[in-house]
Chemist: 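Would you mind keeping the following structure in view while I ask a few things?
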Amino acid sequence: KSCQKPVDKYIEYDPVIILINAILCKAQAYRHILFNTKINIHGKLCVFCLLCEAYLRWLQLQDSSQSTDPDDLIRYAKEWDFYRMFGIASLEQTSFLVGIFIVLWWMRPEMLKTKSDFILLLKALLLSSYGKLLLIPAVIWEHDYTPLCLVFIKVFVLTSNSQAIRVTLNLNRMLPWLAIFFGLILENGVVCLFQKMGWDV
């Protein structure tokens with residue numbers, strides 16, 4: 001009221017500009033999306049991102065590309081490897097999020113006092129993982145640089161996750177990256193466990 005200006009300048013901006021600023025990982029754009037919009041696609045977005053990841057892993061399996069017979073299309077409809085990859089991707093995502101919550105709760109327990117604090121942070125992390133949708137174009141337009149593209153996508157998603165943690169809990173830059181690092185350690189631990197069990201990950 002004192003300055004006669006909106007606290008959130010993005011209220012007056014076009015959604016495309018907001019999206020571009022979110023892609024550029026601007027903290028104020030994240031704040032606007034998380035606190036001043038009514039976006040309830042967190043669960044659907046999470047499932048769709050997991051489907052994208054499972055599809056990428058399924059394509060990388062040698063068994064999925066062995067059959068070239070056009071009459072064997074029914075085999076793809078009954079492809080259980082895809083569902084297995086979806087389950088593994090879900091467990092890895094869960095372990096990554098659990099790792100983040102453990103570090104944040106241990107370092108700053110006052111920030112995550114209530115159930116609503118946990119839910120807000122979970123929604124922010126799920127929403128900030130939208131970069132995983134880029135896995136599909138990276139696979140469709142496959143070329144020699146696809147592995148490099150996948151690394152860039154992973155870095156982009158982790159940067160988005162860091163910004164979501166910063167904005168949600170109003171933290172400095174260091175603690176979110178520490179939480180993400182621990183989440184990655186836990187996620188890689190799950191991957192190693194699956195590999196020891198003899199599963200293709």
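Worth knowing before you read on, the calculation uses all heavy atoms, side chains too, and leaves out hydrogens, waters and symmetry mates.
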Chemist: Would you please indicate if the ring centroids of F101 and F182 are separated by under 6.0 Å?
Modeler: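 No; F182 has its ring centre 6.0 Å or more from that of F101.
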Chemist: Count I, L, V, M, F, W, Y as connected when their side-chain heavy atoms are under 4.5 Å apart, and connections chain through other members. Are I119 and L171 then in the same cluster?
Modeler: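 No, separate clusters.
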Chemist: Between OG of S128 and CD of Q163, what distance do you get to the nearest 0.5 Å?
Modeler: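 That separation rounds to 9.5 Å.
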Chemist: If I take atom CG from residue L121 and atom CH2 from residue W105, how far apart are they, to the nearest 0.5 angstrom?
Modeler: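 Here the rounded value is 14.5 Å.
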Chemist: Less than 4.5 Å apart, any side-chain heavy atom of I100 and any of L186?
Modeler: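 No; the side chains remain at least 4.5 Å from each other.
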Chemist: Are L178 and L104 in one and the same hydrophobic cluster, where Ile, Leu, Val, Met, Phe, Trp and Tyr link if side-chain heavy atoms are under 4.5 Å apart?
Modeler: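 Yes, it is one cluster - the side chains of L178 and L104 are joined through contacts under 4.5 Å.
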Chemist: How about CZ on F152, more than 12 heavy atoms from neighbouring residues, nucleotides or ligands closer than 6.0 Å, or not?
Modeler: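 At most 12 heavy atoms, drawn from other residues, nucleotides or ligands, come within 6.0 Å of this atom.
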Chemist: Can you name the closest pair of heavy atoms from F96 and L184 and give their distance?
Modeler: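 That closest heavy-atom pairing would be CD1-N, 3.7 Å.
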Chemist: State the CG-OG distance between L120 and S116, to the nearest 0.5 angstrom.
Modeler: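 Between L120 CG and S116 OG, I get 7.5 Å after rounding to 0.5 Å.
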Chemist: With rounding to the nearest 0.5 angstrom, report the CD1 to CZ distance, I41 to F48.
Modeler: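 Going from the CD1 atom of I41 to the CZ atom of F48 covers 11.0 Å.
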Chemist: Any idea which heavy atoms bring E92 and V191 closest together, and the distance?
Modeler: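 Reported closest heavy-atom pair: OE2-CG2, 3.1 Å.
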Chemist: Which pair of non-hydrogen atoms, one from S90 and one from L50, has the smallest distance, and what is that distance?
Modeler: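 Scanning both residues, the minimum pair turns out to be OG-CD1, 3.6 Å.
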Chemist: Is I23 close to Y130 at the side-chain level, that is, under 4.5 Å between some pair of heavy atoms?
Modeler: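 Yes, close enough: below the 4.5 Å cut-off.
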Chemist: Taking all non-hydrogen atoms of both residues into account, name the closest pair between A29 and A22 and its distance.
Modeler: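 What the structure gives for the nearest pair is CB-N, 3.8 Å.
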Chemist: For residues Q28 and N21, determine if any side-chain heavy atom of one lies less than 4.5 Å from a side-chain heavy atom of the other.
Modeler: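 In short, these two side chains do not touch, never coming nearer than 4.5 Å.
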Chemist: Taking side chain as C-beta onward, heavy atoms only, is K44 less than 4.5 Å from V47?
Modeler: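 No, every pair of side-chain atoms sits at 4.5 Å or beyond.
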Chemist: Which pair of heavy atoms, one from A164 and one from L125, lies closest together, and at what distance?
Modeler: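 It is CB-N, 4.5 Å.
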Chemist: Go through it in stages, so that I can follow the logic: the residues are S129 and Q93, the test is side-chain contact (heavy atoms from CB on, under 4.5 Å), and I'd like the CA-CA distance, side-chain angles, deciding distance and then a yes or no.
Modeler: CA-CA 10 Å; S129 297; Q93 176 77 16; 4.3 Å; yes
Chemist: Decide yes or no on side-chain contact (heavy atoms from CB on, under 4.5 Å) for W106 and L112, but give the supporting numbers first.
Modeler: CA-CA 10 Å; W106 181 57; L112 298 169; over 6 Å; no
Chemist: Between K154 and E187, is there a salt bridge with N-O shorter than 4.0 Å?
Modeler: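 Between K154 and E187 there is a salt bridge, with a charged N closer than 4.0 Å to a carboxylate O.
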Chemist: With hydrophobic residues grouped by side-chain heavy-atom distances under 4.5 Å, do L45 and L126 end up in a single group?
Modeler: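 Looking at the clustering, L126 is in a separate group from L45.
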Chemist: Would a distance-only check, ignoring hydrogens and angles, find a side-chain to backbone donor-acceptor pair under 3.5 Å from S162 to L158?
Modeler: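 Not a single qualifying donor-acceptor pair exists.
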Chemist: Which heavy atom of H42 sits nearest to which heavy atom of K123, and what is that distance?
Modeler: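 Here H42 and K123 meet closest at CD2-O, 3.1 Å.
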Chemist: Do the non-hydrogen side-chain atoms of T159 and W177 ever get within less than 4.5 Å of each other?
Modeler: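 Side-chain contact under 4.5 Å: yes.
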Chemist: How far apart are the C-alpha atoms of L175 and L169, what are their side-chain angles, what is the distance that settles it, and do they pass the side-chain contact (heavy atoms from CB on, under 4.5 Å) test?
Modeler: CA-CA 10 Å; L175 188 56; L169 301 179; over 6 Å; no
Chemist: Without swapping roles, check the side chain of D117 against the backbone of T114 for a donor-acceptor pair under 3.5 Å.
Modeler: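 Yes; at least one donor-acceptor contact below 3.5 Å.
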Chemist: Can you list the steps and then say if S160 with Y30 is a side-chain hydrogen bond (donor to acceptor under 3.5 Å, both in side chains)?
Modeler: CA-CA 9 Å; S160 297; Y30 274 83; 3.1 Å; yes
Chemist: Can you check side-chain contact (heavy atoms from CB on, under 4.5 Å) on R166 and R31, steps first, answer last?
Modeler: CA-CA 10 Å; R166 274 188 66 209; R31 238 178 245 111; 5.6 Å; no
Chemist: Could you state the interatomic distance from CZ (R57) to CZ (F82), rounded to the nearest 0.5 Å?
Modeler: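 Spacing of CZ (R57) from CZ (F82) equals 11.5 Å.
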Chemist: Linking I/L/V/M/F/W/Y whenever any side-chain heavy atoms sit under 4.5 Å apart, do I180 and I185 land together?
Modeler: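 Result: no, two separate clusters.
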Chemist: From the options I18, L19, I20, select the one residue that forms a side-chain contact (heavy atoms from CB on, under 4.5 Å) with V16.
Modeler: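 For V16, the side-chain contact (heavy atoms from CB on, under 4.5 Å) check succeeds only for I20.
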Chemist: For atom CZ of F118, is the number of surrounding heavy atoms from other residues, nucleotides or ligands below 6.0 Å larger than 12?
Modeler: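 Enclosed.
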Chemist: Quick check for you: to the nearest 0.5 Å, what is the distance between K26 atom NZ and I33 atom CD1?
Modeler: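 Output value for this atom pair is 12.5 Å.
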Chemist: According to a hydrophobic-cluster definition based on side-chain heavy atoms being under 4.5 Å apart (Ile, Leu, Val, Met, Phe, Trp, Tyr only), do F156 and L127 belong together?
Modeler: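 Yes, one cluster joins them.
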Chemist: Checking the side chain of T168 only, and the main-chain atoms of I165 only, is there a donor and an acceptor separated by less than 3.5 Å?
Modeler: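 No: the side chain of T168 does not pair with the backbone of I165.
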